[in-house]
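I have placed the structure first, in the form of structure tokens, so that the comments after it can refer back to it.
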Amino acid sequence: MSKILMLKFVDGTSKECEVTGREMGGDDVYYMPFSSLELGRVAWNNNDTYMNHYVEVCELGADFVVVEVYNWRGNKMGVPYKLYAGDKKGGSYYFGEWSYSYSVSLEWSEMK
């Protein structure tokens with residue numbers, strides 16, 4: 001097995017149902033190989049039409065990436081994140097009764 005460096009993005013929502021008390025929402029997880037990253041908005045390999053947040057690559061280096069995270073309305077979420085292998089950044093906030101969260105990381109993944 002070999003390892004490949006991946007940009008990982010977790011787009012999360014949650015809310016407690018008033019009727020059942022069960023947690024609604026959940027996390028959507030997206031991966032992109034570091035070698036496939038380009039400047040601009042990341043085009044994830046799966047359908048990202050309904051994402052609550054999106055990621056833009058601002059700078060690429062040999063061993064790092066600088067990204068910015070935006071909400072679905074195009075508002076920047078915090079500052080640019082400079083990520084090296086093993087780094088993870090993110091945030092969360094409430095809008096109405098829903099909780100929204102995101103995390104972006106650069107991690108090694110096993111490839112078969």
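Just so we're clear, the structure is a prediction, and the values are computed from it rather than from any experiment.
For Tyr100, the side chain to side chain donor-acceptor pair (under 3.5 Å) criterion is met by no residue, not counting sequence neighbours. Listed by chain and number, the residues in a side chain to side chain donor-acceptor pair (under 3.5 Å) with Ser105 are Glu107 (sequence neighbours excluded). With sequence neighbours left out, the side-chain contact (heavy atoms from CB on, under 4.5 Å) criterion links Ser99 to Ser14, Tyr94.
Sorted pairs that involve residues 84-95 and meet salt bridge (charged side-chain N to carboxylate O under 4.0 Å, His left out), not counting sequence neighbours, are lacking altogether. Every pair tested for salt bridge (charged side-chain N to carboxylate O under 4.0 Å, His left out) that includes a residue from residues 50-66 fails, sequence neighbours excluded, so the list is empty.
In this structure, Tyr70 belongs to a hydrophobic cluster whose other members, linked by side-chain heavy atoms under 4.5 Å apart, are Tyr54. Applying the under-4.5 Å side-chain rule to Ile, Leu, Val, Met, Phe, Trp and Tyr, the cluster around Phe64 extends to Val66, Tyr84.
Atom CZ of Phe34 and atom CD1 of Ile4 lie 11.0 Å apart (nearest 0.5 Å). The CD atom of Glu68 sits 10.0 Å away from atom OH of Tyr81, with the distance rounded to the nearest 0.5 Å. Note that OH of Tyr102 is 9.5 Å distant from CG of Asn71, once rounded to the nearest 0.5 Å.
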Show me, pair by pair, the donor-acceptor contacts under 3.5 angstrom made by side chains of residues 20-27, not counting sequence neighbours?
{"residue": "Thr20", "atom": "OG1", "partner": "Arg22", "partner atom": "N", "Å": "3.2"}
{"residue": "Glu23", "atom": "OE2", "partner": "Lys15", "partner atom": "N", "Å": "3.3"}

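The aromatic rings of Phe9 and Trp44 lie parallel to each other, with less than 30° between the two planes, well short of the 60° mark.
Linking Ile, Leu, Val, Met, Phe, Trp and Tyr whenever their side-chain heavy atoms come within less than 4.5 Å leaves Val69 and Trp72 in two separate clusters. The hydrophobic cluster containing Leu60 also contains Val104, counting ILVMFWY residues as joined when their side-chain heavy atoms lie under 4.5 angstrom apart, directly or transitively.
Shown here is Glu38, whose CD atom has no more than 12 heavy atoms of other residues, nucleotides or ligands within 6.0 Å.
The main-chain N or O of Asp28 is never found under 3.5 Å from a side-chain atom of Asp11 such that the two would form a donor-acceptor pair.
Considering only heavy atoms from C-beta on, Met32 comes within 4.5 Å of Leu37 through its side chain.
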